Amino acid sequence: MADTAAAAAPDERPGPVETGRHDGHSSFDALRPPSAELLADCVHCGFCLPTCPTYALWGEEMDSPRGRIYLMELASTGDIPLDDVFVTHMDRCLGCMACVTACPSGVQYDQLIEATRPQIERHHPRTAQERWFRRTVFALFPHPRRLRFAALLGLLYQRLRLGDVLRRTGLYERLPVRVRALEGLLPAVSLRDIRRHLPARVAPRRLPGEAATPAPVRRVGLITGCVQSVYFGDVNAATARVLAMEGCEVVIPRAQGCCGALLEHAGEEDAALTYARRMIQTMESADVDAIAVNAAGCGSTLKAYGHLLRDEPQWAGRAVAFSRKVRDICELLDELEPRAARHPIPGRMAYHDACHLAHAQGIRSQPRAALRAIPDLELVELAEPDICCGSAGIYNLLQPEAASELGVRKAATVAAVAPDAVVTANPGCMLQIARYLDADVPVVHPVQVVDASLRGRNRLA
């Protein structure tokens, strides 16, 4: 694939596109459309092509970053409408931001695609089926209480082995492909997981040999997340324990809700901004020095609050102050002076870069450093580290065929290194990779490995 970019002419542009209108007016409305200045930054060099998952799958120019930017340019001048063709190519983008890392011109594709998607949701009439599915997803995933009820139903589904019944009777294949995708991603949960609630405050942990509980080195607010709090409560618990053992006071506000990441990535801008304002208020009331997040997709949005709320004078400054405090858990551990002893964990672990950690936040070395600090742990790298696993928020539900191809591709790179475990820093990646792995290999978060090491456990269970 590297030869593809090298062979592309620097000024090459895609061929003609069927146009729907030529009236000289933009097909975008005036509410934060894709910036003409940012669109002009793209010189169509092709360096983005080898890193783009959809271009890697199909080799289709309009399913590459530069092709999508060209479509945005045409829409911005009114040469094409926001029709089915335009929307299809935009919907196929995972928003993984690998192209942002690869671009030598510094094109801010992340801002361009995230400005385009709200335009689509405001102006493109989706089918009734599409509207119903998206509304169902957004009525469920940003709401932990509803998710807990759904998790209980999922537990019953698994305990009664209804999936086996559907497959034996042939009914499974008759289900809509998106419903099958949702069923395939359903993680194993227990009543303990569903009922788990962390305390509102976790004090710094007194370590062996210390006479008294130490004064906190930092007061840290913990973002518990939506999917994370219900299906990956162990990750949140491990995060709180690790921070406490490293001398932090951990504050876990009960009032916190969704951060808005899933909605913002999908173009549901108004709802995302509402959640962002609530999160800012919640953490302001908590009066913390830093804000820890352990989900890469949430972290990238939390760090972008200043940009998202830039047009609201009463919120813009508060959003910037909030975002400056946000740290991924591995980023925060890298900043803290190590306090608790690391105990050995013998094993071979493959590290998968979550896209919104590596590309959107630029965090690559910190998780690796945290893992390499553990004695006897061998960390191995995967081939094609910049190709997304296919999770991408709710992409694996909205675009299940493409997500499945990418999931199989990622699982093959994992199998090639034969690890004892896979480590990645995003709940969506954890679900996606676990679904497509043939071998019984655990998929865990870096903080769970650190937690096991600090507690002297030589295994992750």
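All values reported here derive from a predicted model rather than from experimental measurement. Hydrogens, waters and symmetry mates are skipped; everything else that's a heavy atom, side chains included, is used.
Using a 4.5 Å heavy-atom threshold, the side chains of Val441 and Ile433 count as separate. Between Leu263 and Pro142 the shortest side-chain heavy-atom distance falls below 4.5 Å. A heavy-atom distance below 4.5 Å is found between the side chains of Leu94 and Leu406. Contact of the Val423 side chain with the Val444 side chain is registered, since non-hydrogen atoms from C-beta on lie closer than 4.5 Å. Contact check for Thr301 versus His356: no side-chain heavy atoms found under the 4.5 Å cut-off. Looking only at side-chain heavy atoms (C-beta outward), His445 and Phe232 stay at 4.5 Å or farther from each other. For the pair Ser404 and Tyr436, the minimum side-chain heavy-atom distance is below 4.5 Å. Side-chain contact between Met279 and Phe322 is present, with at least one heavy-atom pair separated by less than 4.5 Å.
Enclosure of atom CG in Asp438 is not indicated, since only 12 or fewer non-hydrogen atoms of other residues, nucleotides or ligands lie within 6.0 angstrom. Arg161 CZ: 12 or fewer foreign heavy atoms inside a 6.0 Å radius. The number of heavy-atom neighbours closer than 6.0 Å to CZ of Arg324, taken from other residues, nucleotides and ligands shown, is 12 or below. Atom CD of Glu335 has more than 12 neighbouring heavy atoms from other residues, nucleotides or ligands inside a 6.0 Å radius.
Summarising the geometry of Leu82 relative to Val87, their closest heavy-atom pair is O-CG2, 4.1 Å, with the distance given to 0.1 Å. Between Ser26 and Phe28, the closest heavy-atom pair is OG-N, 2.9 Å. Here the closest heavy-atom approach between residue Val414 and residue Leu382 is recorded as CA-CD2, 3.8 Å. Here the closest non-hydrogen pair linking Gly393 and Leu262 is CA-CD2, 3.7 Å. Contact record, Ser76 with Leu39: OG-CD1, 4.1 Å, taken as the closest heavy-atom pair. Considering every non-hydrogen atom in both Arg126 and Glu130, the closest pair reads CD-CG, 3.5 Å.
Arg32 places no side-chain N or O within donor-acceptor distance of the main-chain N or O of Asp311, the cut-off being under 3.5 Å. Arg167 contributes a side-chain N or O that, together with a main-chain N or O of Gly163, makes up a donor-acceptor pair within less than 3.5 Å. One N or O on the side chain of Ser27 and one on the backbone of Ile80 form a donor-acceptor pair closer than 3.5 Å. The backbone N or O of Asp29 lies less than 3.5 Å from a partner atom in the side chain of Gln119, making a donor-acceptor pair. Ser300 contributes a side-chain N or O that, together with a main-chain N or O of Gly297, makes up a donor-acceptor pair within less than 3.5 Å. Counting only distance, with no hydrogens or angles, the side chain of Arg148 and the backbone of Ile194 share a donor-acceptor pair below 3.5 Å. Side-chain atoms of Glu114 never come within 3.5 Å of backbone atoms of Leu308 as a donor-acceptor pair (strictly under, hydrogens ignored).
With sequence neighbours left out, Ala237 forms a side chain to side chain contact (heavy atoms under 4.5 Å, CB included) with Arg196, Leu198, Arg241. Under the side chain to side chain contact (heavy atoms under 4.5 Å, CB included) criterion, Leu186 pairs with Tyr157, Gln158, Tyr231, sequence neighbours left out.
Distance CG/Leu38 to OH/Tyr109: 13.0 Å, rounded to 0.5 Å. One distance of note links CG of Asp110 with SG of Cys99; it measures 8.0 Å at 0.5 Å rounding. A distance of 12.0 Å separates CG of Asp193 from CG of Leu152, quoted to the nearest 0.5 Å. From His44, atom NE2 reaches atom OG of Ser64 across 9.5 Å, with rounding to the nearest 0.5 Å. Between Cys429 atom SG and Leu357 atom CG the span is 9.0 Å, to the nearest 0.5 Å. To the nearest 0.5 Å, atoms CD (Gln281) and CH2 (Trp315) are separated by 4.0 Å.
A donor atom on one side chain and an acceptor atom on the other are found under 3.5 Å apart for Asn294 and Gln228. Side-chain contact check for Arg68 and Thr54: at least one donor-acceptor pair (N or O, by modelled atom type) lies under 3.5 Å. Counted by atom type alone, Glu37 and Ser35 present one or more donor-acceptor pairs between their side chains at under 3.5 Å. There is no side-chain donor-acceptor pair under 3.5 Å between Thr239 and Asn236. Using a 3.5 Å distance cut-off with no hydrogens or angles, the side chains of Lys410 and Gln432 do not pair a donor with an acceptor.
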Please test Asp84 against His124 for side chain to side chain contact (heavy atoms under 4.5 Å, CB included), starting from the C-alpha separation and ending with a verdict.
CA-CA 8 Å; Asp84 288 344; His124 179 72; 2.9 Å; yes
Worked verdict on Phe86 versus Leu74 for side chain to side chain contact (heavy atoms under 4.5 Å, CB included)
CA-CA 10 Å; Phe86 178 91; Leu74 292 174; over 6 Å; no
Leu71/His89 under side chain to side chain contact (heavy atoms under 4.5 Å, CB included): CA gap, chis, key distance, verdict
CA-CA 9 Å; Leu71 290 175; His89 291 301; 3.9 Å; yes
Decide yes or no on side chain to side chain contact (heavy atoms under 4.5 Å, CB included) for Phe149 and His143, but give the supporting numbers first.
CA-CA 10 Å; Phe149 179 72; His143 305 278; over 6 Å; no
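Here Arg92 does not pair with Glu60 in a salt bridge; the nearest charged N to carboxylate O distance is not below 4.0 Å. Salt-bridge check for Asp353 with Arg368: passed, with a basic side-chain N closer than 4.0 Å to an acidic carboxylate O. Remark: Glu61 engages Arg66 in a salt bridge, criterion side-chain N to carboxylate O under 4.0 Å.
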